[in-house]
Amino acid sequence: MIYLVFIFGSLIGSFLNVCIYRIPKGESIAYPPSSCTDCNNKLKLLDLIPIVSYILLKGRCRYCKSKISIKYPLIEFMNGIIYLMLFIRFGLSILTIKYFIISSILVVVTFIDYKYQIIPDGLIIFGLISIFIMHILDNFHIGFINSILGMLIGGGSFLTIALITKGAMGGGDVKLMALLGFALGPWNILLNIFLSFIIGAIICLILLVFGIKTRKDYIAFGPFIAIACFITICYGNEIISWYINYIGII
């Protein structure tokens, strides 16, 4: 079963590559079929097998021999691993499917925000509709009030930061945190917020120390939110319980 989950995740990862490439350009993610970005030849089924096709083709287009970015198989592999980890953690359930959806949205957000410094509204709308459906199927496991409260905390906190810093925090980040708050509830979104700033501070410090970025450079915050969310999904309850027990001891 775990092999099937990884294969499914990598197949979805292949579709996420399409989303990452086309959404910022305002192109349809459904049509036309995938083609080489250099020679425009339509790719056949054998060219689209996640990870395997890249290896068999030695990282080059079958038709024009142009180099294929390593990013494509890496995203397929990463999404397969993410799905596998979530399945091992939560089993086969509505909750797992909800986390599949969230994680896939965050993969797309990470790469689009990193390259273009935007988080498309379409992803947020799709996420809200999908998570709402998952909540209904799961009988609102975290509670409807908790979902709304999480949305207000997530979106409201980042909106406050955006207003105080006069735009240092983008509107896309505000909407993304509202979506995650709706999906995770109040306690987990608070942890998500905390972890995103900790992770962001550490990574930004590393980038500055090694001269990869300067203080004047814009650094997308979406990837930090995504990493923090995945940690929260997998270990949030344990982290919160540890924190409460630790405070209790003190």
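On a predicted model such as this, the values are computed, not experimentally measured, just so you know.
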Would you find more than 12 non-hydrogen atoms of other residues, nucleotides or ligands less than 6.0 Å from [X] atom [atom1]?
X    : atom1 : result
F194 : CZ    : no
F210 : CZ    : no
F77  : CZ    : no
K115 : NZ    : no

Quick check: is [Y] connected to [X] through a chain of hydrophobic side chains (ILVMFWY, heavy atoms under 4.5 Å apart)?
X   : Y   : answer
L48 : I7  : no
M1  : I97 : yes
I49 : L57 : no

Nearest atoms (heavy-atom pairs only) where [X] meets [Y]:
X    : Y    : value
C234 : F90  : CA-CZ, 4.4 Å
C39  : Y63  : SG-CB, 4.1 Å
P186 : N146 : CD-O, 3.2 Å
V174 : A162 : CG2-CB, 4.4 Å
Y54  : S69  : CE1-O, 3.9 Å
S196 : I225 : CB-CA, 4.0 Å

Do [X] and [Y] have ring centres separated by under 6.0 Å?
X    : Y    : result
F15  : Y21  : no
F224 : F221 : yes
Y83  : F8   : yes

Members sharing I142's hydrophobic cluster (side chains within less than 4.5 Å): none
Check: S93/T96 side-chain N/O donor and acceptor closer than 3.5 Å: yes
Residue among L149, L180, L152 satisfying side-chain contact (heavy atoms from CB on, under 4.5 Å) with I189: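 When L149, L180, L152 are each tested with I189, the side-chain contact (heavy atoms from CB on, under 4.5 Å) holds only for L180.
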Aromatic ring pairing H135/F182, orientation class (parallel under 30°, perpendicular over 60°, tilted between):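 Rings of H135 and F182: perpendicular, over 60°.
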Lys/Arg N to Asp/Glu carboxylate O, K98 vs D138, below 4.0 Å: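 Here K98 does not pair with D138 in a salt bridge, since their nearest N and O are not under 4.0 Å apart.
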